[in-house]
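Residues: numbered from 1 along the sequence shown. Here the structure is a predicted model, which is why all the values come from computation and not from measurement.
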Amino acid sequence: MKIKNLLMAGCTALLLTSCIVPKNITYFPDAQNGEVLTLADSKGIVLKPTDKISIIVNTKSVELNNVLNMPVTSQIIGYQEQQTLNQSRGTSGYTVDQDGNIDFPIIGKVKAAGMTRGELAAHLKQTLEEQHVAKDAVVTVEYLNLGFSVMGDVVTPGFYRFDSDKVNLLQGLSMAGDMKITGKRQNIKVIRTNGNRQETYIVDLQDQKSLVSSPAFYLQQNDVIYVEPNNYQKRQSTANSNELTKASFWLSAISVLATISVLIFK
């Protein structure tokens, strides 16, 4: 009778263990319905040296448009071949130099670093009017090479381009297909380069309040998001991983114990 009880207890324990869902795989376990949190301050993506942007200016003069929108040949991210951008498309590529400037037709040197693309567009429009180059010009600034990288335990690691002025960490992870179930949600690292400095922020996706107030909540260009795998995944990646940690081992053990119990109870 004792053997039967021990076997029953063992089977029950194994079954319960196999059904436990760890609490550390959920996002925001303490979030409350209707809770309001204050997000970190951010004006959006701010241009920096080496950033590449396109600037399109539309005026009432076709001739002036052709001057302000120089045709260029550039490698567009996402395309394999070189494409020639003709005057009718009016796309000019500019790289912010180490002093934070771009060299714009007619106007000359223009400070771009430290501005959002909206601020730069407004500044160019105002300068064109002040220098009597064009009135009522429509200026559009777009990113050409700005994005961030996602590495580690996510579905699709890689480089992702910004599709808006503000992209937060959660959106960035979603673009990479989300974290895998084995990713450590409490230890997300965001590595950020500012000039000759490298800053590292550690973010806990299970603590919503600290997440939204973190300087890393809104991503910046060239940020690197690293998702660390949990200890189980690390063990699985080694050649001599412990067989006791494998799901196949526990399933086999449960099956054997269940079979023995059935035979004993007959």
Would you say the side chains of Asp165 and Tyr143 form a donor-acceptor pair under 3.5 Å? yes

Check Thr59 against Ala137 and note the closest heavy-atom contact, atom names and distance. CG2-CB, 4.0 Å

Backbone N or O of Asp97 within a donor-acceptor pair of the Asn101 side chain at under 3.5 Å? no

Kindly check if the number of other-residue, nucleotide or ligand heavy atoms within 6.0 Å of NZ (Lys209) is above 12? no

Cluster overlap Val139 with Leu64, hydrophobic side-chain contacts below 4.5 Å: yes

Residue pair Leu169 / Asp223, side-chain heavy-atom distance below 4.5 Å: no

Nearest 0.5 Å please: distance from the CD atom of Gln221 over to the NZ atom of Lys52. 14.0 Å

Begin from the C-alpha positions of Leu47 and Leu146 and carry the test side chain to side chain contact (heavy atoms under 4.5 Å, CB included) through to its verdict. CA-CA 9 Å; Leu47 296 173; Leu146 275 63; 4.3 Å; yes

Drop me the distance from Ile225's CD1 to Leu173's CG, to the nearest 0.5 angstrom. 5.0 Å

Taking all non-hydrogen atoms of both residues into account, name the closest pair between Gly183 and Arg185 and its distance. O-NH1, 2.7 Å

Are Val46 and Leu120 co-members of a hydrophobic cluster defined by side-chain heavy atoms under 4.5 Å apart? no

What closest approach, in Å, do Gln220 and Asn194 show between heavy atoms, and which atom pair accounts for it? OE1-OD1, 4.1 Å

Mind listing the closest non-hydrogen atom pair of Pro49 and Ala113 along with its distance? CD-CB, 4.3 Å

Is the cationic atom of Lys189 (NZ for Lys, CZ for Arg) positioned less than 6.0 Å from the six-membered ring centroid of Tyr226 and within 45 degrees of its normal? no

Pick from Val138, Leu128, Val133: which one makes a side chain to side chain contact (heavy atoms under 4.5 Å, CB included) with Val57? Leu128

Group every Ile, Leu, Val, Met, Phe, Trp and Tyr by side-chain heavy-atom contacts under 4.5 Å, then state whether Val155 and Leu170 land in the same group. no

same_hphob_cluster(Met151, Tyr160) at 4.5 Å side-chain heavy-atom cutoff: no

Show the nearest heavy-atom pair for residues Ala216 and Val203, with the distance to one decimal. CB-CG2, 4.2 Å

Looking at side-chain heavy atoms only, is the closest gap between Tyr27 and Asp178 below 4.5 Å? yes

Rounded to the nearest 0.5 Å, what's the gap from CG on Asp207 to OG on Ser213? Could you check? 8.0 Å

Please collect all ring pair (Phe, Tyr, Trp, His ring centres under 6.0 Å) contacts where either partner lies in residues 117-140, sequence neighbours excluded, each pair once. none

Are the side chain of Asn65 and the backbone of Ser61 linked by a donor-acceptor contact shorter than 3.5 Å? yes

I'd like to check Asp99 versus Lys109 (side-chain heavy atoms, cut-off strictly below 4.5 Å). Are they in contact? no

Checking the side chain of Glu228 only, and the main-chain atoms of Gly152 only, is there a donor and an acceptor separated by less than 3.5 Å? no

ILVMFWY cluster, Val67 and Val110 together (side-chain gap under 4.5 Å): yes

Let me confirm one number: the NZ-OG1 distance from Lys48 to Thr193, rounded to the nearest 0.5 Å. 8.0 Å

Glu129 side, atom CD; Asp136 side, atom CG - distance, nearest 0.5 Å: 6.0 Å

side-chain contact (heavy atoms from CB on, under 4.5 Å) with Gln126: which residues, sequence neighbours excluded? Glu130

State, with a plain yes or no, whether a side-chain heavy atom of Thr200 is found less than 4.5 Å away from one of Arg192. no

How many angstroms lie between atom CG of Asn196 and atom CD of Gln198, to the nearest 0.5 angstrom? 11.0 Å

Quick check: do Ile188 and Val227 have side-chain heavy atoms less than 4.5 Å from each other? yes

Could you check if a side-chain atom of Thr156 sits within less than 4.5 angstrom of a side-chain atom of Val150, using non-hydrogen atoms only? no

Ionic contact status for Asp51 with Arg117, cut-off 4.0 Å: no

Could you list the donor-acceptor pairs under 3.5 angstrom formed by side chains in residues 28-42, with sequence neighbours left out?
{"residue": "Gln32", "atom": "NE2", "partner": "Asp30", "partner atom": "O", "Å": "3.2"}
{"residue": "Glu35", "atom": "OE1", "partner": "Gln32", "partner atom": "N", "Å": "3.1"}
{"residue": "Ser42", "atom": "OG", "partner": "Gly44", "partner atom": "N", "Å": "3.2"}

Under 4.5 Å between any side-chain heavy atoms of Ile55 and Leu68, yes or no? no

Minimal heavy-atom distance between Val167 and Gly172, with the atoms involved, is CG1-N, 4.2 Å

Using only heavy-atom distances, determine whether the side chains of Asp153 and Thr182 contain a donor-acceptor pair under 3.5 Å. yes

